[in-house]
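Report on one structure; see the data block that follows.
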Amino acid sequence: MSMNPFRHLFIVAVSLSVLALPTMAQSNPEEVQDFIDRYTTTYVNLYKVASEAEWASNTVIIDGVETIDEVTKLANEALSQHTGSVEVIETVRGYLDQPEGLTPLQVKQLKSILYTAANSPQNVPDLVKERIAAENKQNGDLFGFTFTVDGQEITPNEIDKQLEESTDLEKRRQVWVASKEVGKLLKDGLAKLVQLRNKTVQSLGYDDYFSYQVADYGMTTPEMIALNDKFVTELWPLYRELHTWARYELAERYGAEEVPDMLPADWLPNRWGQDWSPIVTVEGLDLDAALAAKGPEWLIKQAERFYVSLGFDELPESFYTKSSLYPVDASKGYKKNTHASAWHMDLDNDVRSLMSVEPNSRWYETTHHELGHIYYYMEYTNPNVPPLLRGGANRAFHEGVGSLLGMASMQKPFLVEVGLVDESAETDEMQQLLKEALAQVVFIPFSAGTMTHFERDLYAKDLPEDQYNARWWEYVKEFQGIVPPGTRGEEYADAATKTHINNDAAQYYDYALSYIILHQLHAHIANEILEQDPRATNYFGNKEVGAFLSGILKQGAVGDWREIMKKELGQEISAKPMLEYYQPLVAYLKEQNKGRRYTLPENPAF
């Protein structure tokens, strides 16, 4: 009985889809606009239903109960039947074959419709249904998994806390190994998804799913790989210094008899070795103690106050009533997706966030990051941006803006402004810069290197399932200089323990590009607007900063991202501002590493 309201929505939505399907028409602006308008109306209705179903699937996960997943599958199938309609595909192709007289905005929307169609083309309807069902099952298996250590349940937040704080190597290894057990459950499902995703997009002419996702940037797979390799190469000398420093620092911390050539994965404060910043504690910046006294609600409200201080609107009341912001109490009998995310439920005013906020520095930064996405949604929800183009200038821009505001919220002058740090507190600025580098510079070899190359191999090079784990650790060692604690055979799928491998596939380079873009944006704000040291800025309350950001955000995906960068920043995408930001750290690390043995090559091996 509980499914009846959803089924009613599906009947209405599918009926709308049938009514809205266009007939073939000549490429004249009036008929094209009529088609776009009818397509959009149906798309938005179906999108809202699918979003609500996905939200339920991610916020209420009950072992053995598949009702919600079934609803989600039906909702996504209804959306796919519209977006991937054969008639829609043929009509759009006809219009784009005769683009004369169409406006750039119409052409942009038509291309968006055709691109979206390739993700669920109805010329292979059974394949699309099978893929949707497989994706829902994979998501449920991942976030419904119970992690245990010595037979006792341990939550993802507790795993992270142990890896960040414990100095007991045996305990660290147990926790790290426990965090990878879910990969066994996910491996076959991942192999199935690779095949289904490839076959889906191949039906509309894409070589593979990786090339399909890269095409959203107007790039080819070789071009995207080359760009990411360029980022790794440019940052490699600094990463090599950080790697050497970390080997010796952690060997001393854990009382190891020898300094290892490669970093053991269980020595690091992150399950995937993508963020080493908890290694460093900056004296005078004990945010965890200050935030513990505030409580989790304060973190979210403070992040909102920051955006409002820049001139943005307050969050709608529905954000607080409809979001899922805090950990689920164990007594509730269900679980939820613990990966922080932002949701634009209806491509209009219903914006939500899925988080598990606790009062600590990690979640303080995360709340500012996630609200960056929320305010991006709110800014490009305006009459100049049609619903089909309500997205970032590119996918990386969305992440770049979120990460930019997260980083800004962690700089000392900002922390003083919001009362988390005393202005007179003496802090070691070099240690603060080191801590930031251990988060941001360390992330590039993981995102641009390990993740991007592994997913390229999965989808574009037909990596066999019985080589998944070996290839994963080959890249982890090559790009990150990290090795597993013990043998990791092919019964494991350690890559699949990363949520993006399963449900945000073939797009992790978005995050690498976003870190590059955020430093370009930050350099512009610090140097041209605030006229402050980029390493010690205070965005809070500066309406000019808000106006600059709004000018980018409110464009959505209407313009070309390359042109937006040239217009707003006066430059193409480049790691130069990121390198300049960390330049003072290079001499410090070289001094610290005097007499130490470097084990990474001077230049990356790829």
Side-chain angles (χ1 to χ4, degrees), residues 115 118-119 190 193-194 197-198 201 206-236 239 270 272-275 339 341 369 372-373 376 391-404 439-461 463 471-472 474-476 478-480 495-496 498-521 557 560-562 564-565 572-579 604 606:
Y115 179 80
N119 203 37
L190 176 59
L193 281 173
V194 169
R197 286 167 175 158
N198 273 347
V201 299
Y206 290 94
D207 291 337
D208 54 79
Y209 193 70
F210 193 90
S211 68
Y212 165 71
Q213 291 291 353
V214 168
D216 198 31
Y217 284 83
M219 299 173 71
T220 64
T221 293
E223 288 171 340
M224 182 60 79
I225 293 294
L227 182 62
N228 280 268
D229 285 352
K230 179 174 177 286
F231 295 152
V232 175
T233 300
E234 289 175 338
L235 290 166
W236 189 258
Y239 182 77
N270 175 273
W272 304 279
Q274 69 184 65
D275 179 356
H339 180 76
S341 55
H369 176 115
H373 292 301
Y376 210 149
N394 62 32
R395 295 194 307 258
F397 256 93
H398 238 301
E399 285 303 320
V401 169
S403 297
L404 168 69
Q440 296 182 354
V441 176
V442 160
F443 182 72
I444 297 300
F446 173 73
S447 55
T450 300
M451 286 288 287
T452 295
H453 285 73
F454 180 78
E455 291 201 287
R456 185 270 315 268
D457 289 2
L458 272 183
Y459 293 97
K461 293 197 171 184
L463 180 65
R471 184 65 55 85
W472 172 256
E474 175 186 328
Y475 282 141
V476 172
E478 178 181 349
F479 287 102
Q480 298 173 261
K498 186 67 177 170
T499 181
H500 305 76
I501 293 283
N502 302 283
N503 57 24
D504 199 15
Q507 303 172 59
Y508 209 79
Y509 44 81
D510 291 356
Y511 295 95
L513 270 67
S514 77
Y515 272 45
I516 303 301
I517 290 171
L518 89 83
H519 277 281
Q520 291 183 267
L521 293 170
D560 182 276
W561 66 274
R562 300 170 187 81
I564 290 174
M565 293 199 71
E572 298 179 348
I573 190 166
S574 168
K576 183 179 179 181
M578 189 173 186
L579 290 166
F606 56 81

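The first residue of the sequence shown is numbered 1, and numbering continues consecutively from there.
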Worksheet item: From H339 NE2 over to H500 NE2, what is the distance, rounded to the nearest 0.5 angstrom?
Response: 3.5 Å
Worksheet item: Between L235 and Q440, is any pair of side-chain heavy atoms under 4.5 Å apart?
Response: no
Fill in: Donor-acceptor contact present, side-chain Y515 to main-chain S403, <3.5 Å
no
Discussion item. How close do V232 and G449 get, counting heavy atoms only, and between which atoms?
Written reply: CG2-N, 4.2 Å
Worksheet item: For the atom pair CD (E399) and OG (S447), what is the distance rounded to the nearest 0.5 Å?
Response: 11.0 Å
Practice prompt. Mind listing the closest non-hydrogen atom pair of Y376 and G392 along with its distance?
Written response: OH-CA, 3.5 Å
Worksheet, complete the sentence: When every non-hydrogen atom of T452 is compared with those of A448, the smallest separation belongs to CB-O, 3.4 Å
Worksheet item: Q520 side chain to E572 main-chain N or O, any donor-acceptor pair under 3.5 Å?
Response: yes
Response to the item:
Between the CG atom in L227 and the CE atom in M219, the distance rounded to the nearest 0.5 Å is 5.0 Å
Worksheet item: Relative to the ring of Y511, is the ring of F443 parallel (under 30°), tilted (30 to 60°) or perpendicular (over 60°)?
Response: perpendicular
Item to complete: Would you please indicate if the ring centroids of Y509 and F210 are separated by under 6.0 Å?
Response: yes
Discussion item. Is there a side-chain contact between L513 and F231 in this structure, where contact means two heavy atoms from C-beta onward sitting under 4.5 Å apart?
Written reply: yes
Worksheet item: When you check the side-chain N and O atoms of D510 and Y217, is any donor under 3.5 Å from an acceptor?
Response: yes
Worksheet item: Just how far is it from atom CH2 of W236 to atom CZ of F479, taken to the nearest 0.5 Å?
Response: 8.0 Å
Worksheet item: Roughly how far, to the nearest 0.5 Å, is CZ of R456 from CG of L458?
Response: 10.5 Å
Worksheet entry | N198 side-chain N/O to D208 backbone N/O, donor-acceptor pair under 3.5 Å | no
Fill in: Residues which pass salt bridge (charged side-chain N to carboxylate O under 4.0 Å, His left out) with K230, listed by chain and number, not counting sequence neighbours
E234
Discussion item. Quick check against the 3.5 Å criterion: does Y475 have a side-chain atom that pairs as donor or acceptor with the backbone of Q480?
Written reply: no
Discussion item. Classify the ring geometry of H453 against F606: parallel below 30°, tilted from 30° to 60°, perpendicular beyond 60°.
Written reply: tilted
Worksheet item: Going from CD1 on I444 to OH on Y239, what distance comes out if it is rounded to the nearest 0.5 angstrom?
Response: 11.0 Å
Tabulate below the donor-acceptor pairs under 3.5 Å that side-chain atoms of residues 501-508 make, not counting sequence neighbours, or state none.
{"residue": "N502", "atom": "OD1", "partner": "Q138", "partner atom": "NE2", "Å": "2.8"}
{"residue": "N502", "atom": "ND2", "partner": "A496", "partner atom": "O", "Å": "2.7"}
{"residue": "N502", "atom": "ND2", "partner": "K498", "partner atom": "O", "Å": "3.3"}
{"residue": "N503", "atom": "OD1", "partner": "T499", "partner atom": "OG1", "Å": "3.2"}
{"residue": "N503", "atom": "ND2", "partner": "N139", "partner atom": "OD1", "Å": "2.8"}
{"residue": "N503", "atom": "ND2", "partner": "T499", "partner atom": "OG1", "Å": "3.2"}
{"residue": "D504", "atom": "OD1", "partner": "Q507", "partner atom": "NE2", "Å": "3.1"}
{"residue": "Q507", "atom": "OE1", "partner": "R395", "partner atom": "NE", "Å": "3.2"}
{"residue": "Q507", "atom": "NE2", "partner": "A505", "partner atom": "O", "Å": "3.2"}

Worksheet item: Within a strict 4.5 Å, meaning less than it, do heavy atoms of the V214 and T220 side chains meet?
Response: no
Worksheet entry | Whether H398 and H373 hold their rings parallel, tilted or perpendicular, with breakpoints at 30° and 60° | tilted
